[in-house]
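Here is how names work: the chains are called A, B, and so on, in the same order as the sequence lines, proteins then strands, and each is numbered from 1.
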Amino acid sequence: MRVRMAPSPTGYFHLGSARTALFNWLYARRTGGRFILRIEDTDRTRLVPDSLQDIMDSLRWLDLQWDEGPAVGGAYGPYFQSERLPLYHEWGERLISAGLAYRCYCSEERIEALREGQRARKEPIIGYDRHCRTLTAAQRADLEASGATSVIRFAMPLEGETRFVDLLRKIKPFDNDHYRDPILVKTDGFPTYHFANVIDDHFMEITHILRGDEWLSSVPLHVNLYDALGWEIPVFAHLPLILDPSGVGKLSKRKKKGEGGEELLTFIREYRAAGYLPEAMFNFLAGMGWAYSPDTDLFTRRQAIERFDLADINPAAGALPLSKLEWMNGHYIRGLDPEDLAERLLPFLAESLAQPIESLWHNPALPVLVPLIQERLKTLDEAAALIDFAFVEEISYDPQMLVAKGLTPVLSLAALQAAGSLLAELPFTEEGMDVPLRGLADRLGVKVGQLFGILRVATTGKNIAPPLFGSMIALGRARTLARCAQAEELLRRM
RNA sequence: GCCCCCAUCGUCUAGAGGACCAGGACACAGGCCUUUCAAGCCUGGUGCAGGGGUUCGAAUCCCCUUGGGGGCACCA
């Protein structure tokens with residue numbers, strides 16, 4: 001089995017593309033086949049310079065390594081369509097000689113005007129009027145002599161219908177008349193998608209075409225091309241599209257998410273930057289349109305490979321279940337070895353705290369804090385907000401926060417002072433602090449939550465922070481006491 | 001406008017005529033635990049789009065309607 005992912009380098013690697021790549025990869029791994037990466041760079045006007053790199057980075061990040069393609073080579077190359085031009089020209093000419101394609105000299109303006117008129121008149125079929133299809137040899141010679149530019153168009157059968165099989169659905173026959181002689185080779189000498197795609201899939205010996213649903217309606221054209229070229233038709237499976245989280249519209253259009261108005265992430269690189277784990281993304285993406293088991297949504301890539309079957313893919317487009325991704329990412333974070341988590345956290349912390357990775361890595365607070373926030377993270381980028389207090393000299397907060405709920409500033413101050421003197425002498429370990437501090441709350445006649453809350457704010461500057469003892473241990477006795485003293489000062493001034 | 005695809009809880013899904021008064025997960029609600037926030041545990045509600053058929057029997061098959069999606073480029 002040979003399958004391929006064929007992105008065009010006209011933008012960053014999209015979530016939907018990633019899912020398509022994932023299914024291709026799974027199928028190849030399941031069947032012991034080959035997963036090929038081919039770059040469809042035939043639109044010179046829309047090329048985005050760093051998108052090729054982004055495609056490869058994203059694929060590698062998801063650990064969807066291709067067996068043939070850019071950077072790895074292979075026996076069926078080149079894997080860039082821009083390097084295969086002679087092949088397209090050769091077959092274009094062959095089709096012309098066989099009377100299955102023809103040169104068209106119509107200007108883009110004429111075509112556009114034609115289409116506009118058709119739409120205005122609400123004509124059922126929009127498309128080329130086949131003007132040049134019936135040109136005489138003499139007329140062609142004249143046009144060529146005048147130096148007119150031309151494209152190559154496919155001479156679609158004028159009538160009849162085209163049938164084909166899709167693995168995931170039952171397809172009605174398509175009327176050939178709807179395909180008005182599509183362009184195969186553009187005036188710039190580059191092929192269009194349809195032509196390059198068919199030729200490459202043939203010569204790369206692709207056996208199964210697994211691609212997005214948006215291609216379904218162009219299959220009849222492809223089928224006729226295969227027929228015209230005399231080639232065997234591969235197996236088709238058009239994968240469901242991923243819809244906007246609201247369930248309305250394709251994900252590809254950049255939109256806002258929900259009422260909050262937060263930006264909806266659509267590129268793999270954005271999810272990566274937001275602190276999602278590749279193993280979570282893999283699990284999540286594989287679980288859309290396909291199910292590993294009726295009992296659980298969690299599975300490893302190994303398990304996915306064992307059970308993957310094209311026939312099990314759900315053909316219906318689905319809304320992106322983002323809340324599930326968040327939960328799943330948290331689940332995978334919780335399952336990480338703390339040291340592993342710390343390492344993955346470093347780049348995120350370094351950026352948020354504006355500190356070099358090296359110094360963070362050697363900061364003794366890190367190994368203390370990471371296990372404490374592990375079950376509190378949905379994404380890696382949330383860590384800094386939780387533990388930054390241990391990595392900065394000064395913390396600032398609203399002094400009002402030091403007043404515990406139900407207590408006065410005076411009482412809060414008294415509690416803080418008592419706790420401060422106690423902390424000056426206690427062993428700085430969880431076991432060392434626990435009983436004495438609870439006892440203190442008891443003696444002061446305040447709730448444990450009240451006392452701990454005051455200390456939490458005094459030491460971290462936050463109402464929401466990692467567990468108190470660990471936070472103080474990460475800070476160390478000296479800094480803890482200093483911050484308590486500062487907090488006392490703030491309370492006195494109230 | 002024309003063509004095609006799709007249709008199970010709010011969402012992602014399991015279900016390929018009887019094992020389904022429809023199972024799982026996320027989200028949501030309530031509770032337990034608890035030093036904040038989480039995590040964890042328990043409990044709960046909500047669904048086969050509608051209408052016709054076929055059949056002893058339909059979420060599962062057929063038709064229509066409706067809804068959603070995709071396509072109709074010298075973009076892929």
Review point. When all nucleic acid strands are considered with a 4.0 Å heavy-atom cut-off, which category describes A:Asn314: base, sugar-phosphate, or nothing?
Key: sugar-phosphate
Review point. Looking across every strand, which nucleic acid part, if any, lies under 4.0 Å from A:Gly212 by heavy atom: base, sugar-phosphate, or nothing?
Key: nothing
List, with names and distances, any nitrogen or oxygen atoms from the protein found under 3.5 Å away from nitrogen or oxygen atoms belonging to nucleotides 37-40 of chain B.
from	atom 1	to	atom 2	distance (Å)
B:rC37	O2	A:Arg376	NE	2.6
B:rC37	N3	A:Arg376	NE	3.0
B:rC37	N3	A:Arg376	NH2	2.7
B:rC37	N4	A:Arg376	NH2	3.1
B:rA38	O2'	A:Glu375	O	2.6
B:rA38	N1	A:Glu375	OE2	2.9
B:rA38	N3	A:Glu375	OE2	3.0
B:rA39	O4'	A:Glu375	O	3.4
B:rA39	O3'	A:Arg334	NH1	3.4
B:rG40	OP1	A:Arg334	NH1	3.3

Review point. What does nucleotides 71-76 of chain B look like as a protein-contact string, B for base, S for sugar-phosphate only, - for none, at under 4.0 angstrom between heavy atoms?
Key: SSSBBB
Check your understanding: Is A:Phe469 touching bases, backbone alone, or none of the nucleic acid, heavy atoms closer than 4.0 Å?
Key -> base
Report, one pair per line, the protein and nucleotides 42-47 of chain B atoms (nitrogen or oxygen only) whose separation is under 3.5 Å.
none

**Study point:** Separation of atom CG in A:Leu15 from atom C1' in B:rC12, rounded to whole Å
**Key:** 14 Å
Review point. Base, sugar-phosphate alone, or nothing: which one does A:Gly287 contact when heavy atoms must sit under 4.0 Å apart?
Key: sugar-phosphate
Review point. Which part of the nucleic acid does A:Arg169 contact within heavy-atom distance under 4.0 Å: base, sugar-phosphate only, or nothing?
Key: sugar-phosphate
Check your understanding: Does any donor atom in the side chain of A:Tyr102 or A:Asp181 lie under 3.5 Å from an acceptor atom in the other side chain?
Key -> yes
Review point. Looking for any heavy atom pair under 4.0 Å, which part of the strands does A:Lys447 touch: base, sugar-phosphate only, or nothing?
Key: nothing
Review point. With A:Gln417, which residues qualify under side-chain hydrogen bond (donor to acceptor under 3.5 Å, both in side chains), at least two apart?
Key: none
Review point. What nucleic acid atoms does A:Leu216 come within less than 4.0 Å of, heavy atoms only: base, sugar-phosphate, or nothing?
Key: sugar-phosphate
**Study point:** Residue list, side chain to side chain contact (heavy atoms under 4.5 Å, CB included) with A:Pro467, at least two apart or on another chain
**Key:** A:Leu372, A:Arg376
Pair up each side-chain donor or acceptor in residues 3-13 of chain A with any protein partner under 3.5 Å, not counting sequence neighbours, and list the distances.
from	atom 1	to	atom 2	distance (Å)
A:Arg4	NE	A:Asp201	OD1	3.0
A:Arg4	NE	A:Asp201	OD2	3.4
A:Arg4	NH2	A:Asn197	OD1	3.2
A:Arg4	NH2	A:Asp201	OD2	2.8
A:Ser8	OG	A:Thr10	OG1	2.9
A:Tyr12	OH	A:Asp50	OD2	2.9

Check your understanding: Is a donor-acceptor contact shorter than 3.5 angstrom present between the side chain of A:Lys172 and the base of B:rC4?
Key -> no
Point to revise | Sugar-phosphate, base or nothing in reach of A:Ile171, heavy atoms under 4.0 Å | key: sugar-phosphate
